[in-house]
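Notes for the one structure printed next.
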Amino acid sequence: MEEMMRYGIVGVGMMGREHVANLAHLRSEGVVLTCIADPHPPSLDLTLDLARSLGLPSPQVVEAAKQRPEILVQVGLEYRYMPPVAKLIKVVKSGTLGHVKMVAIREHRFPFLVKVNNWNRFNINSGGTLVEKCCHFFDLMRLFAGANPVRVMASGAIDVNHKDEVYDGKVPDIIDNAYVIVEFDNGSRGMLDLCMFAEGSRNEQEISVVGDIGKGEAFVPESIVRVGMRKTGRDGVTTIKPEDERIKYDGLHHGSSYLEHLNFLAAIRGQGSSGPPVNLHDGLLSVAIGVAGQLSIEKGCFVTIEEVVSMTKTKSI
Ligand SMILES: NC(=O)c1ccc[n+]([C@@H]2O[C@H](COP(=O)([O-])OP(=O)(O)OC[C@H]3O[C@@H](n4cnc5c(N)ncnc54)[C@H](O)[C@@H]3O)[C@@H](O)[C@H]2O)c1
């Protein structure tokens, strides 16, 4: 019999609870939640309610949480697993588009949700919008470009959202729109177009990858991928509707965190590639691009990734 895989979750707010729900749907994979930790009693209560509604043995969870606070570390860049994004990654990696030259990602969506103690309203807590929210897109840019970032130039501001909010006498300082340009070490470039007051959008994410022989696009949540070649032009563009039958729980991210868990389990059990599918280096660089973007907005000039990474090293010393 396969060994049970025991999970601990630190922080059971909105995202932590999405993981709890995913784990409930992964019971047949030999998964059990043994520990949760959170200093905010309402988060614990909501999680226990959720666990009960999903039939998870939540009294045992609390007991286990007290006794064995073990933690599993995983970088949660689950946008890679959204079916249309995963399909586009496959198309790009197959070489169909040739050498990738440009990656444009547009996220046009609703404003930031309200979070526990409103931590996400201030750069000091989250690192800023380009770090907290956009690390996913910078991770995807790296994947599509097949390269590492060199420098970042960004322009952004808080123009519409949160201006009438006040917390302990302070008005939020997080940006709600930005353009970010990322240059990679193989000569390719990425561009993020972020707008968080764009509820009137059909899609939340529109991704375009252009190589020297073709172009691929992915649309979320329409879940559509389009692929076309320069040779065959507009008439040759094909539309694919990718689906993943393995998904048993859609959650808030179109089933991607469910697939992320499946991949993680496979990696732990030695059934996948070596190590977690998204490793700490991937996580570090996705965040470093976000930090460089935030700094670039402040300074009004390009910021190198080297500068950001060396700042981190200096701080940790
Ligand atoms: N991967 C994604 O797509 C995605 C989506 C949403 C949020 N997130 C990330 O997930 C994290 C949590 O976001 P959320 O939406 O769940 O926020 P949230 O405010 O809903 O929940 C955060 C929880 O963490 C708890 N917490 C704070 N400090 C803690 C500590 N020291 N030990 C244990 N628990 C602690 C809080 O009490 C709260 O219950 C953030 O880093 C956010 O950027 C990721």
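Keep in mind the model is a prediction, meaning the values are calculated, not measured. Index from 1, following the sequence. In what follows, every heavy atom counts, from backbone to side chain, and hydrogens, waters and symmetry copies are set aside. Whatever order the structure lists ligands and atoms in, that order sets their numbers, starting from 1.
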Residue selection (non-hydrogen contact nearest atom 4 (C) of ligand 1) among M14, M15, K115: M15
Greater than 12 external heavy atoms within 6.0 Å of M15's CE: yes
Between Y7 and H19, ring centroids under 6.0 Å: no
Contacting atoms of ligand 1, where contact means under 4.0 angstrom from a heavy atom of V10: 32 (N), 33 (C)
G76: numbered ligand 1 atoms lying under 4.0 Å from its heavy atoms: 1 (N)
Donor-acceptor contact below 3.5 Å, side chain K215 vs main chain R230: no
Proximal ligand 1 atoms for H136, defined as those under 4.0 Å from one of its heavy atoms: 1 (N), 2 (C), 3 (O)
Those atoms of ligand 1 less than 4.0 Å from some heavy atom in W119: 13 (O), 17 (O), 18 (P), 19 (O), 40 (C), 42 (C), 43 (O)
Charged N-O contact under 4.0 Å between R226 and E217: no
Exam field: side chain D185 to backbone N148, donor-acceptor pair closer than 3.5 Å: yes
Option nearest atom 1 (N) of ligand 1 (shortest heavy-atom distance, choices H253, E78, R17): E78
Numbering as shown, the atoms of ligand 1 that approach S43 to under 4.0 Å (heavy-atom distance): 38 (C), 39 (O)
Atoms in ligand 1 flagged as close to G11, the criterion being non-hydrogen separation under 4.0 Å: 24 (O), 25 (C), 33 (C), 34 (N)
Short N-O contact, K299 and E307, less than 4.0 angstrom: yes
Flag if over 12 foreign heavy atoms under 6.0 Å of NZ, K93: yes
E132 neighbourhood, listing ligand 1 atoms whose heavy-atom distance to it stays under 4.0 Å: 42 (C), 43 (O)
Minimum-distance protein heavy atom relative to atom 37 (O) of ligand 1: D38 OD1, 2.5 Å
Candidate with minimal heavy-atom separation from atom 32 (N) of ligand 1, of G13, G16, P39: P39
Closest heavy-atom pair and its distance - P84, V225: O-CG2, 3.3 Å
